[in-house]
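Note that these values count all heavy atoms, side chains included, but never hydrogens, waters or copies made by symmetry. Predicted model, so just to flag it, every value in this text is computed and none were measured.
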Amino acid sequence: MHPRLLLLTAACGVALLAPAALPAASAEPGPAAPQGPGVARSVREGGVRAADLLAAVRGCRQISAGRFRADDGARADIPVCGRGGAVYWKADLDIDCDGRPGRRCNRRTDPLFLDATAYQQSDGRQLSAERLPYVVVPGASRRWNPARSGVRGGTVAALVHRGRVLYAVVGDTGPSDIIGEASHAAARALGIDPDPVRGGTADEVTYILFPGVTARPIESHAAAVTAGQAAAKKFLAAD
């Protein structure tokens, strides 16, 4: 579940919001969201339904030249798809805990901790994986170069998992052949175990990125929510 156990090229990111103030992913009506330490309470981040987003990305027009692995050693069977101005894929979720050290992300909690992220905050500091919900994209390769698809640091994304929608930003890059990773804060908001060693989920998570839509500053989760909700509504309207 943790690609950095074998590949140390991944880096991680997080925001200025205190962990207690981090909004949870929006949840549709249904069973109560998981509760307990490290699990965000279910509140809405916007009016876009998870079911509508999933329906819009049911098919795949592959834009990557090849396919990605969910984990090191796994079969390469995950394509990057594109339609309606969005880029998306469906994978598991591994935990990225690199960047600015904190109580939950540091060399003690994560033996492979790196104190840098591919992108930095507006003040020049490294992102904080335990505070900012962000997505990790693969490093550029002939298989797929995110920048050529308009995906860069701060690009807004919507993560969909078990009826929840979480808006995030692109905050880090990882191995060029592995996909399906997000920050400690993103996992926590989605109700996924955020532990950097034992956490993550093998369940399917849908990652939808909106090229050209950027959260400013990158460390503002509120900016990602505002921009993400507008981009998601536009994407669904064009479907």
Side-chain angles (χ1 to χ4, degrees), residues 1-25 38-40 71-72 91-140 146-147 151-157 159 166-176 178-190 192-201 205 207 209 214-225 228:
M1 288 300 304
H2 200 307
R4 293 186 300 109
L5 291 177
L6 294 176
L7 295 169
L8 302 183
T9 55
C12 178
V14 181
L16 293 177
L17 295 175
L22 178 68
V39 177
D71 299 289
D72 189 66
D92 63 354
L93 190 148
D94 296 314
I95 308 299
D96 188 357
C97 218
D98 299 334
R100 197 165 75 251
R103 186 165 64 89
R104 298 176 179 88
C105 291
N106 53 63
R107 288 189 175 86
R108 179 181 56 79
T109 60
D110 182 359
L112 298 176
F113 175 79
L114 299 175
D115 60 1
T117 47
Y119 307 106
Q120 287 72 47
Q121 293 186 168
S122 57
D123 61 4
R125 293 193 297 169
Q126 302 297 329
L127 298 177
S128 165
E130 64 185 58
R131 295 183 178 182
L132 179 70
Y134 73 81
V135 174
V136 179
V137 297
V151 174
R152 298 175 173 81
T155 294
V156 172
L159 278 67
L166 172 72
Y167 294 108
V169 294
V170 171
D172 206 356
T173 59
S176 62
I178 292 178
I179 205 165
E181 189 175 4
S183 68
H184 179 287
R188 181 162 51 92
L190 287 168
I192 295 170
D193 182 354
D195 185 272
V197 177
R198 299 179 301 275
T201 181
V205 176
Y207 302 74
L209 279 57
T214 305
R216 291 188 175 88
I218 188 174
E219 67 268 20
S220 171
H221 180 60
V225 172

For the CD1 atom of I192 and the NE2 atom of H184, what is their distance to the nearest 0.5 Å?
12.0 Å
Provide the closest heavy-atom pair for V136 versus G174 in the form atom of the first, atom of the second, distance.
CG1-N, 3.5 Å
Mind checking whether E219 and Q120 have side chains closer than 4.5 Å, heavy atoms only?
no
For R107, check salt bridge (Lys or Arg N to Asp or Glu O under 4.0 Å) against everything at least two apart and list the hits.
D115
Might you point out which heavy atoms bring A168 and P133 nearest each other, and give the distance in Å?
CB-O, 3.3 Å
Evaluate the side-chain proximity of V205 to D92: yes if any heavy-atom separation is below 4.5 Å, no if none is.
no
Here the pair of heavy atoms bringing S176 nearest to A140 is CB-O, 4.3 Å
Considering only heavy atoms from C-beta outward, does the side chain of D193 approach that of T201 to under 4.5 Å?
no
Does any non-hydrogen side-chain atom of L93 lie less than 4.5 Å from one of Y207?
yes
For D96 and S183, indicate whether the former's side chain and the latter's backbone hold a donor-acceptor pair under 3.5 Å.
no
Results of side chain to side chain contact (heavy atoms under 4.5 Å, CB included) for T109 - residues two or more places apart only:
N106, P196
With the side chain counted from C-beta on, respond yes when T214 and V156 share a heavy-atom pair under 4.5 Å apart, and no when they do not.
no
Side chain to side chain contact (heavy atoms under 4.5 Å, CB included) between V135 and V169: does it pass, once the steps are laid out?
CA-CA 6 Å; V135 174; V169 294; over 6 Å; no
Would you say R100's side chain and L127's backbone share a donor-acceptor pair under 3.5 angstrom?
no
CG-CD1 distance between D71 and I179, expressed to the nearest 0.5 angstrom:
12.0 Å
Can you confirm whether L166 sits close enough to H221 that some side-chain heavy atom of one is under 4.5 Å from a side-chain heavy atom of the other?
yes
What distance separates R152 CZ from Y119 OH, expressed to the nearest 0.5 Å?
9.0 Å
With side chains defined as the heavy atoms from C-beta onward, is the minimum distance between L112 and D98 less than 4.5 Å?
no
Are side-chain heavy atoms of T173 and P138 found at a separation under 4.5 Å?
no
Pairwise distance CD1(I95) to CG(D110) - rounded to 0.5 angstrom:
10.5 Å
Any idea which heavy atoms bring A215 and S220 closest together, and the distance?
CB-O, 4.4 Å
